[in-house]
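Side chains are part of it too, since the values below use all heavy atoms of this structure and drop only hydrogens, waters and symmetry mates. Everything quoted here is computed from the prediction, not taken from an experiment. All residue numbers refer to positions in the sequence shown, counting from 1.
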Amino acid sequence: MLFQVGGQGSRPTFFEMAAAQQLPASLRAALTYSIGVLALRRPFLHKLLDFEDESFALLMLVLESHTLRTTDASFSESLYGLRRRPANITVKSDDATPAAGSLRRRQKVLSVVFLVVLPYLKSKLHSIFNREREARLQATLWGDENEGYDDGRGGLEQDFSRVSTPTSDAGASVSTRIANRVQRIVGFCYPWLHASTEGLQFAYQLLYLLDATGYYSLALHALGIHVCRATGQELMDTSSRISKMRSRERERLRGPQWLKTLQGALLSCTYTALDYAQTGLIAAVFFFKMMEWWYQSAEERMSAPTVYPPPPPPPPPKVAKEGIPLPQDRTICPLCSQKRVNPSVVTVSGFVFCYACIFKYISQHKRCPITLMPATVDQIRRLFHDV
């Protein structure tokens, strides 16, 4: 068998690892969208969107640290029942304790770095690269208004400002020059760095799919960690280990009785929030998406234009007694009693005549010849399809 497609064995399938890897990005997109919807009614939530990278990194730092400390797995891996194990572990039969295959403290700290810190830095570098690319595109299309941005030497405007206020503007000029230089370096190096990391990631995933390596990513290989499925006994042992850890933390509380009670209540609230963080986040995202769909559907129904039946046509204008009578044949001009040539309508009444006849009549009498309603030559319209 070339690669695993089922759920047999302790080695996770490629699809389980891919789903666990994509979960943080999907969770971030869903949280950002949900907060954006809520910010329409609560403007103070825009501050979270202004610091989107920092807010999500802080949230993932808390979740990843907690799950690695309690379950030896990342936040997304724990949702799929996966555990991290050292790759060079040798467990003897008489020492097969649950703690024998647990991660060392160094591996947990470095796992947090690879799971939280490096994605945060990559996101910031991506933002700087996008700003640099937009600036270059704008300079290419519209020209660069600030010459110092291109060559870093400053233009006439900067020289003039340095003469007027040498201390403050010189410091601002140096900081701007350094910032522009950093942006140019990032703009040049980031595509190569991004292509290299993505290429290595693809290579490791391909080798993992072909069962040529036990490491799904370069980070796991650098840390010497294998990802395995958790057995039922390991899940039970994890629960008992979490209970023992929390009991020891409660025993280490010091101070008066009221302070211990307060600290215990805070610990209980923290434990409850962390225990239900996984399911709570997923449930909250689905809830916000459902509410957004519900309100959007209601708003679409309310804003949908109401279709009314077409109004009846207005009644035909009355023929004046002193006016010219209408002929029986509708194709005959009432003025010349001949077949209409260049049919034209008088907009005030709607009757059709020859253009030459009606233009001459209205120029002389300033009225419609049939209804005697006041009219001018500007109210004559040419008809291009005469029935």
OH of Y190: more than 12 outside heavy atoms within 6.0 angstrom?
yes

[X] side chain vs [Y] backbone, donor-acceptor pair below 3.5 Å:
{"X": "T347", "Y": "Q379", "answer": "yes"}
{"X": "Q364", "Y": "Y361", "answer": "no"}
{"X": "E198", "Y": "A195", "answer": "no"}
{"X": "S78", "Y": "T67", "answer": "no"}
{"X": "R42", "Y": "I35", "answer": "no"}
{"X": "S65", "Y": "V62", "answer": "no"}
{"X": "H126", "Y": "K122", "answer": "no"}
{"X": "E64", "Y": "F75", "answer": "yes"}
{"X": "R381", "Y": "D378", "answer": "yes"}
{"X": "S123", "Y": "P119", "answer": "no"}

Does R11 make a cation-pi contact with Y208, if we ask for NZ or CZ under 6.0 Å from the ring centre and within 45° of the axis?
yes

Answer yes or no on whether R382 is positioned over the face of F384, meaning its NZ or CZ is under 6.0 Å from the six-membered ring centre and within 45° of the axis.
yes

Decide whether [X] and [Y] are clustered together by the hydrophobic rule: side chain heavy atoms of Ile, Leu, Val, Met, Phe, Trp, Tyr closer than 4.5 Å, transitively.
{"X": "L38", "Y": "L49", "value": "yes"}
{"X": "I128", "Y": "I185", "value": "no"}
{"X": "F51", "Y": "L27", "value": "no"}
{"X": "L200", "Y": "L110", "value": "yes"}
{"X": "F15", "Y": "L79", "value": "yes"}

Classify the ring geometry of H221 against Y215: parallel below 30°, tilted from 30° to 60°, perpendicular beyond 60°.
parallel

Heavy atoms, side chains only, cut-off 4.5 Å: are [X] and [Y] in contact?
{"X": "R367", "Y": "P374", "answer": "no"}
{"X": "Q107", "Y": "R84", "answer": "no"}
{"X": "L220", "Y": "H226", "answer": "no"}
{"X": "E77", "Y": "V227", "answer": "yes"}

Any Lys/Arg nitrogen of E54 or K47 sitting under 4.0 Å from an Asp/Glu carboxylate oxygen of the other?
no

May I ask you to say whether R184 pairs ionically with E132, meaning some side-chain N is under 4.0 Å from a carboxylate O?
no

Taking all non-hydrogen atoms of both residues into account, name the closest pair between [X] and [Y] and its distance.
{"X": "V377", "Y": "I362", "answer": "N-CG2, 3.7 Å"}
{"X": "L61", "Y": "V112", "answer": "CD1-CG1, 3.5 Å"}
{"X": "I380", "Y": "S344", "answer": "CG2-CB, 3.7 Å"}
{"X": "S349", "Y": "C368", "answer": "OG-SG, 3.2 Å"}

Q201 side chain to S217 side chain, donor-acceptor N/O pair below 3.5 angstrom:
no

Under 3.5 Å side-chain donor-acceptor pair for N130 and R133
yes

